[in-house]
Structure formats: C-alpha cells, structure tokens
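A short worksheet on the structure shown next.
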Amino acid sequence: MADYRIGLTGGVGSGKSTVAAMLEGLGAGLVDADALVHDLIAPGGAAVEECRECFGPAAIGADGGLDRAWMRARVFSDPEARRRLEAVLHPRVRAESEARALSLAGKVPYVVLMIPLLVESGNWTGRVQRVLVVDCTEATQVERVCRRPGMTQATARGILAAQATRAQRLAAADDVLFNELPLPELQNRVEALHANYLQRAA
C-alpha cells in the first residue's frame, strides 16, 4: 500500500473530528495533531517545562499541565504570545505526526493527517497529496463553539479571528466537504471521498 496522505483541515467548530472519525471508520489511518498537542501540554507532557520557561508559572495549572484556559485567553489576544506558543509546539507536533504517519504506512490504504492549522502553517501542504477542507459558515462555527464548556461568543470570535479565513482555507483545498448536513448525508459524502482516495492511493 502506498504512503498516500490526506491533509484534513477546517476552522474551529467545522466538524473536522466527525469527518476524520468517519474516514478512520472506513479504514483510513488517522493522525490527529490536536491529540498530539494535548499530550504535549498534559501533566508530564514534553512541552510543559518549555511553556513554563516561556510564559512563567502562571501558565501551569494546579495539575502540573498547561492551564489551557489561561493560555487561550493569552494567545487569542496577543499575537506574539501565540507565535511563542506555536514555536514550542509546532516542531514537536510535526515530528511526532511524521513518525506516526510513517508507522501507519503499508498498514492502511491512506493516512489522514488532521491538522487544524494546516493553511496557517504554510509548510504542511508539501507533505500531503491532497487537502480536504471541512467547511461551514462562520455563524455555524460560532454557534457550535459556544456549546463547549467555558466558551463565550467573544472567545469563539477571537479564535476565528486568529485562524485563516474561510476563503483562505477554500483556496488551499483540493476537496471541500460542506458540513451543515444531516449525519446520514454527511456519511454518504465521506464514503464517496473515501472511494476516491482509495483509487488515488492505489
């Protein structure tokens, strides 16, 4: 089986995880960059001490992991803080995602690299054969994000403002999946994409 890779991305609240889980359920391999970040900043994670050095002890929660609410408030109001955090996390995520993708090669027909900031990073596209953008309107994004614990409209809009625009993501896409559909219809569209990727990977 070829080492064929799909870069899956989309704005916050677009439903990337739902689509990724569907593709994985159909037999694709999945490497989730968000899950790698969570591991890095969890108690005992490989990036916690560097985050402490960069941002001070206030950045670390009582459990010994990164205080995500504190950091979220900081990075979405301060572009320089966001750049510093990305400088800590992104090289580690790239290295680990590459290692996991290589470990899956030959075991699955293709690998989905789910990378929320694929368009923003500018250096992922050369590592994937196709870019799949999960798309929805900004109003839908805000509404979905506000359902999450501790999220307000202001926080949701701050996250959107810090990400690539919808137009920028769509411009980078080889495939677009508009995700404001009933789940059965979304599943049908994902199955059609999967069939297409199987052909391409072969």
Side-chain angles (χ1 to χ4, degrees), residues 1-48 50-51 65-66 68 71 75 82 85-136 144 148 159 162-164 168-170 172-177 179 186-187 189-202:
M1 292 183 184
D3 180 16
Y4 195 82
R5 300 182 186 184
I6 307 298
L8 189 159
T9 194
V12 64
S14 61
K16 296 180 296 297
S17 297
T18 300
V19 172
M22 288 177 173
L23 288 168
E24 186 178 28
L26 292 167
L30 177 62
V31 179
D32 180 351
D34 261 352
L36 299 181
V37 169
H38 292 169
D39 290 346
L40 287 169
I41 62 176
V48 170
E50 193 170 349
C51 287
L66 189 70
R68 294 175 64 194
M71 187 58 73
V75 300
R82 186 169 75 251
L85 181 64
E86 289 172 352
V88 172
L89 297 178
H90 285 187
R92 288 182 166 93
V93 172
R94 276 195 297 274
E96 182 61 23
S97 63
E98 183 66 19
R100 294 196 185 191
L102 287 172
S103 75
L104 288 167
K107 300 173 184 173
V108 292
Y110 64 93
V111 174
V112 175
L113 290 167
M114 186 167 73
I115 307 163
L117 300 180
L118 183 146
V119 174
E120 292 86 339
S121 68
N123 57 7
W124 286 95
T125 48
R127 297 173 52 198
V128 299
Q129 275 71 44
R130 289 185 81 75
V131 173
L132 168 59
V133 170
V134 182
D135 182 45
C136 65
R144 287 175 178 168
R148 300 177 185 177
I159 295 171
Q163 295 185 338
Q168 287 169 328
R169 278 191 297 271
L170 292 174
D174 296 298
D175 304 298
V176 178
L177 192 56
N179 184 20
L186 182 66
Q187 179 74 40
R189 296 200 183 185
V190 170
E191 288 175 4
L193 276 172
H194 174 67
N196 179 269
Y197 294 154
L198 289 178
Q199 285 186 329
R200 292 176 178 277

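Note that the numbering runs from 1 along the sequence shown for the chain.
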CA sep, side-chain torsions, deciding dist, call: Asp135, Leu177, side chain to side chain contact (heavy atoms under 4.5 Å, CB included): CA-CA 6 Å; Asp135 182 45; Leu177 192 56; over 6 Å; no
Please check: side-chain N/O of [X] versus main-chain N/O of [Y], any donor-acceptor pairing under 3.5 Å?
X	Y	answer
Lys16	Thr9	no
Arg5	Val128	no
Gln129	Tyr4	no
Asn179	Ser14	yes
Glu120	Ala164	yes
Gln163	Val12	yes

Quick one: closest heavy-atom pair of [X] and [Y], and the distance?
X	Y	answer
Leu132	Leu193	CD1-CD1, 3.8 Å
Arg127	Ser97	NH2-OG, 3.6 Å
Arg144	Gly15	NH1-N, 4.1 Å
Pro109	Gly27	CD-O, 3.4 Å
Ala33	Val93	CB-CG1, 3.9 Å
Leu113	Ala101	CD2-CB, 4.2 Å

Rounded distance [0.5 Å steps], [atom1] in [X] versus [atom2] in [Y]:
X	Y	atom1	atom2	value
Ile6	Met114	CD1	CE	14.5 Å
Glu50	Leu66	CD	CG	12.0 Å
Ser17	Met22	OG	CE	11.5 Å
Met71	Leu85	CE	CG	5.0 Å
Ile115	Asp34	CD1	CG	10.5 Å

Can you confirm whether Pro43 sits close enough to Val48 that some side-chain heavy atom of one is under 4.5 Å from a side-chain heavy atom of the other? no
Measuring only between side-chain heavy atoms, which start at C-beta, is Leu170 closer than 4.5 Å to Val133? yes
Leu104 and its side-chain contact (heavy atoms from CB on, under 4.5 Å) partner, picked from Asp3, Val111, Val112, Leu30: Val111
Which side chain to side chain donor-acceptor pair (under 3.5 Å) pairs, counting each pair once, include a residue from residues 189-202, with sequence neighbours left out? Tyr110-His194, Asp175-Tyr197, Glu185-Arg189, Gln187-Glu191, Asn196-Arg200
Could you check whether atom CZ of Arg68 has more than 12 heavy atoms from other residues, nucleotides or ligands sitting under 6.0 Å from it? no
Arg100/Glu96 salt bridge by N-O under 4.0 Å criterion: yes
